[in-house]
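In what follows, chains carry the letters A, B, and so on, assigned in the order in which the sequence lines appear, proteins first and then strands, with residues in each chain numbered from 1.
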Amino acid sequence: MNYFPDEVIEHVFDYVTSHQDRNSISLVCKSWYRIERLSRQRVFIGNCYSISPDKVIERFPAIRSLSLKGKPHFADFNLVPYDWGGHVYPWIVAMAKSKVNLEELRLKRMVVSDESLELISSSFANFTSLVLVSCEGFTTNGLKAVAANCSLLRELDLQENEVEDHRSQWLNHFPESSTSLVTLNFSCLKGEINLAALERLVARSPNLKTLRVNRAVTLDSLQKILSWAPQLMDLGVGSFIHDPDSETFYKLKNTIVQCKSIKSLSGFLEVAPYCLPAIYPVCSNLTSLNLSYALGIPASELIKLIRHCKRLQRLWILDCIGDKGLEVVASNCKDLQELRVFPSDPFGAGNTVVTEEGLVAISFGCKKLNSLLYFCHQMTNTALITVANNCPNFVRFRLCILDPTKADPLTQQPLDEGFGAIVQSCKGLKRLSLSGLLTDKVFLYIGMYAEQLEMLSVAFAGNSDKGMIYVLNGCKKLRKLEVRDSPFGDAALLADPGKYETMRSLWMSSCEVTLGACKALARKMPMLNVEIIDDSELTVDEALCGGAPVAVTADGDDKQKVEKMYLYRTLAGPRNDAPEFVCTL
Amino acid sequence: MEGSRKGAVDMLAGADLSLGLPGGDGAKLDFVRTGCKRGFSATEVDLKLDLNAKESPSSVEKVKPADPARPPAKAQVVGWPPVRSYRKNVMAHNNKNSSDEDQAAEKGVASGAAAALSFVKVSMDGAPYLRKIDLKMYKTYKELSDALGKMFGSFTAGNYEAHQGMIDFMNENKLKGLLNSSDYVSTYEDKDGDWMLVGDVPWEMFIASCKRLRIMKGSEAIGLAPRAMEKCKGRG
């Protein structure tokens, strides 16, 4: 290959798009490394603390698109303290300083300040795409800056962020000349929206394909907006309540019929069941339906709706659809690939709405299923074995039994055999979340069979260090392991320190790991950041009595158990923005 | 049914757990903090919550379903079930808006109180640092107010004590007087992001929706009162 001029090789590399593939080709030889790095435009950093912004810019000077992830996954469930970190600002500053021609920024679980948004909007003239997922720290003032200054903006996609509403009328700040929007998703915003401004914006955006509005957008507003955008492919509805006998509702039904391109529906943050028939006309084209926030639709209405949706590939729904409802899904949605069933009442006492029966029905009907997130009240080994046999194509399998250590109700046995069947049958399984009563055996199975497993989530499972060791030894492709409330201790942690350099990160909380073991690991593996997180109230109170917050240090008794530990490989050394309750050993 | 549930409660009484039983028989909904949980001894099949291991090893209790067909409500654990806080907040908000007012209040409390972090930041205008408190430690507004008074008393030269954090909304004159004074009032940010005066909603509803507390001078809180009144009316 070295007989070809660089331009030819570079041209070939243009066809190599996946991050993993590009990483691989950069390892072939020095010349390929050089050509690859100079031509790479899209960079994905799975852990923002694994490398410094300057190093990234230095290696990839042509970078145009950056994806960053910040907090560990368990931050989603309040296990990571609020100020842990994950700030994007230093990255923006570094890119602005180096005059990077940034066009796209995609962030997940990061802290994004208004300052960062303002800096983005003023530093990158060709900025076109901002996607924020599960982020926090910004307000509608920051959005105002983006709307006003990013004249080429095509995509503003805000997914499930915590955004403070400062009544900034940010939508009004899209200039009249802004006609390039393709995606606009502000469904997570809590505040009011200038409806007239939204209408005008949609009317002048002929390329708009995705529009997801928030609760403040009423049904009659929606009707007006849709009449300007019959080309929409992805619609997120805000408030869907109206008098079904009104002229507005009649108009809406007719408008929706014109939207022949809608393939994805979501939102329904407020919805009345009697309004649902308005969307029946688009159901036959739907490939994606998200009703997981729509409390208040009884199972019977959901079932009626599902019967119209024969082409669904992705369905997110609440468990009030019930096992019977899932049977209807199984018989209607033969193309289903991804199913997520969320709890409508996470702390309810045994209103058995979905059980193993619903999942079994799905497995018989939806043979193409490859991705599952299923919250239920109980699960049996027999059911899991049946599902494993019916659906060998699972790539993601996440089961959450609401009582985290519940045994198989038929046999009172642990669910080891059931999950064992899943990992044995699904040879392409990349992500697995366990729950229910589980012993070390399930981890033996996982280590033996889950050859492609990249991410494993463990809670209240296992008997001893052996469990975790089976996984560390067996799963060669493991990248992320997160464990809580399980009896894995020092022997497991230190069984194979080198393993952690092949992984992105390890999270262990409420386990049996001691401070001494963490220190030993940190000493042995300088390329890891081993963080101890201690945000217990006791520490802060004591600190305040003494006058200054006491930093969590490594000076404690080595035998004391560590409440929360997060370790990750890094080229950047200990981070300089760690709050006082985080100590990097 | 009541009998078997009561049995479960008695079993756990020694473990310092109160079950949030649906039907609200007055049992307090409590959290098991991971900070208190140590040493998960897994030799037994049943769920064991090893609370306060250092202080009372005898408090390790087994939680067996009293009746397999109808398991009792389980004690709530931080971060379980693994539902994103964003989703929990949206659902709690949707629950509040549901047509059945009573059911909504109960569900809103159940999912809100148990789901939300019970620790909230408390700031006081003029104080050099913030505090964090666990709302679950208090049962009434008075208790909360006393605690806040103790924490921040040194900064106010006594002006905090005056109204005890309980605003009498029935008495417009009193309210006006308070808001015009330099006495301090307690305000909080609720799940919708609105800043409200502390004291208008029932305690359970307050702790379910309170995200942050701020103690400010009465004169600064004037802008809040009208909204607080609207919200109060809206809740019926």
Side chain to side chain, [X] and [Y], heavy atoms closer than 4.5 Å:
X: B:His93; Y: A:Leu269; result: no
X: A:Tyr82; Y: B:Lys121; result: yes
X: A:Pro343; Y: B:Met91; result: no
X: B:Trp80; Y: A:Ser435; result: yes

Tell me the closest heavy-atom pair linking [X] and [Y], and the distance in Å.
X: A:Asn78; Y: B:Val78; value: O-CG1, 4.2 Å
X: A:Phe375; Y: B:Val83; value: CE2-CG2, 3.8 Å
X: A:Glu162; Y: B:Tyr86; value: OE2-CA, 3.9 Å

Would you mind checking if A:Lys190 and B:Asp190 are paired as a salt bridge, meaning a charged N to carboxylate O distance below 4.0 Å?
no
Heavy-atom pair count under 4.5 Å with chain B, highest-scoring of A:Ser457, A:Ala75, A:Cys188, A:Gly489
A:Cys188
Where on A:Ser433 is there a heavy atom nearer than 4.5 Å to chain B: the side chain, the backbone, both, or neither?
neither
Checking B:Arg84 against A:Phe77: charged group under 6.0 Å from the ring centre and within 45 degrees of the axis?
no
Taking the side chain from A:Arg484 and the backbone from B:Gly79, do they hold a donor-acceptor pair closer than 3.5 Å?
yes
Under 6.0 Å from the CD atom of B:Glu143, do we count more than 12 heavy atoms belonging to anything else shown?
yes
